[in-house]
Amino acid sequence: MTITVCHLYPDLLNLYGDRGNVTAFVQRCRWRDIQVRVKEINLGDRVQFEDCDFLFLGGGSDREQGLMAEDMMNRLDSLRAAVENGLAVLAICGGYQLLGQYYRLPDGTKVPGLGLMSHYTEAGDGRLIGNVIVDAELNGLKTRLVGFENHGGRTFLNDLTPLGRVAYGGGNNGVDQTEGARYKNVFCSYLHGPLLPKNPLLTDLLITLALRKKGQNHYLAALDDTFEQLANRAMIDKLLEKK
């Protein structure tokens, strides 16, 4: 049994070490003797998303995201079918924005998104920058996610479920205390850092969902996450002490 990971546009979308999300996913699989194959998909490369089990989409500059958005429009039907069929997805920052309805620029121009989810993004006044704590519930377990945000867009969810509630930081828009979004097995967030090495519970949920897509209700063997938990706790304590 081999999990197939699709890493979209690794050459364009790698702000703040986002590539580390794929590294963490792969390593936590290998520590459990779960075989993983990573497909790096760049502009113009052929891919069938239905053949993938986990897809990662990172963030990039406006120019890079524009190139990626144009390319993704040609893959939209395949991606939509895979998402509806249970594909596990993690989309960060610009990738998160792209999956929504649109991004409205400061001059009022509306840049269409892929429309896979109902959220939309408006250009904001200034940027939301800094470390973030998010209270979330993952697979029935309450946890606190930590990461780093740096975005000018303000995202609003419509009827979507947020990834979690902001305990520290800006989150989606700096107003409603939501951070990220969820739809089926799609997880979206503004948190860089990268996100998964800092938050192993989320990583393991994505692995579980990828296995489930293959028809495997696989029990994940426990790993020693002492250092990850200490790092997570140290960041939370530091930020809440400031607050």
Main chain of Leu196, side chain of Asn21: is a donor-acceptor contact present, judged purely on distance under 3.5 Å? yes

Counting distance only, does the side-chain N/O of Lys39 pair as donor-acceptor with the main-chain N or O of Leu8 below 3.5 Å? no

Measure the CZ-CZ distance between Phe25 and Phe56 for me, rounded to the nearest 0.5 Å. 12.0 Å

Would you say the side-chain atoms of His119 pair up with the backbone N or O of Gly100, donor to acceptor, closer than 3.5 Å? yes

When you measure from the side chain of Lys184 to the backbone N and O of Ala88, does any donor-acceptor pair fall under 3.5 Å? no

Check this for me: does any side-chain nitrogen of one of Glu179 and Arg165 sit under 4.0 Å from a carboxylate oxygen of the other? no

Salt bridge present between Lys142 and Glu137 (N-O < 4.0 angstrom): no

Does a salt bridge link Lys110 with Glu122, judged by any charged N lying under 4.0 Å from a carboxylate O? no

Kindly give the heavy-atom pair with the smallest separation between Ala24 and Pro197, and that separation in Å. CB-CG, 3.7 Å

Any non-hydrogen side-chain atom of Val186 less than 4.5 Å from a side-chain atom of Val83? yes

State whether the side chain of Asn232 and the backbone N or O of Arg144 hold a donor-acceptor pair below 3.5 Å, judged by distance alone. yes

Using modelled atom types and a 3.5 Å cut-off, is there a donor and acceptor pairing between side-chain atoms of Asn199 and backbone atoms of Leu195? yes

Could you tell me whether a side-chain N or O of Arg127 sits under 3.5 Å from a main-chain N or O of Asn150, the two making a donor and an acceptor? yes

Could you verify whether a donor N or O on one side chain and an acceptor N or O on the other, from Tyr9 and Asp45, lie under 3.5 Å apart? no

Shortest non-hydrogen contact from Cys52 to Lys213? O-NZ, 2.9 Å

Mind checking whether Cys6 and Phe49 have side chains closer than 4.5 Å, heavy atoms only? yes

Distance-only side-chain donor-acceptor flag, Asn172 / Arg154, under 3.5 Å: no

Nearest atoms (heavy-atom pairs only) where Glu50 meets Ser78: OE1-OG, 3.0 Å

Any chance you could measure Gln229, atom CD, to Thr143, atom OG1, to the nearest 0.5 Å? 9.0 Å

Could you check whether the rings of Tyr190 and His151 sit parallel, tilted or perpendicular, using 30° and 60° as the cut-offs? parallel

Under 4.0 Å between a Lys/Arg side-chain N and an Asp/Glu carboxylate O for Arg37 and Asp53? no

Can you establish whether the number of heavy atoms outside Asp125 located under 6.0 Å from its atom CG is more than 12? no

About how many Å separate CG of Leu163 and OG1 of Thr178, when rounded to the nearest 0.5 Å? 10.0 Å

Got a salt bridge between Asp204 and Arg28, using NZ or NE/NH1/NH2 to carboxylate O under 4.0 Å? yes

Please assess Leu211 against Ile34 for the test side chain to side chain contact (heavy atoms under 4.5 Å, CB included), listing each intermediate value before the final yes or no. CA-CA 10 Å; Leu211 288 166; Ile34 300 171; 4.1 Å; yes

Is the closest side-chain heavy-atom distance between His192 and Asp18 below 4.5 Å? yes

Keeping the roles fixed (side chain from Asn139, backbone from Leu205), state whether a donor-acceptor pair exists under 3.5 Å. no

Any heavy-atom pair between the side chains of Leu90 and Phe54 that's under 4.5 Å? yes

Check the pair Leu57 / His7 against side chain to side chain contact (heavy atoms under 4.5 Å, CB included), numbers first and verdict last. CA-CA 7 Å; Leu57 186 59; His7 186 178; over 6 Å; no

Full working for side-chain hydrogen bond (donor to acceptor under 3.5 Å, both in side chains) between Thr155 and Asn173: CA-CA 6 Å; Thr155 295; Asn173 49 59; over 6 Å; no

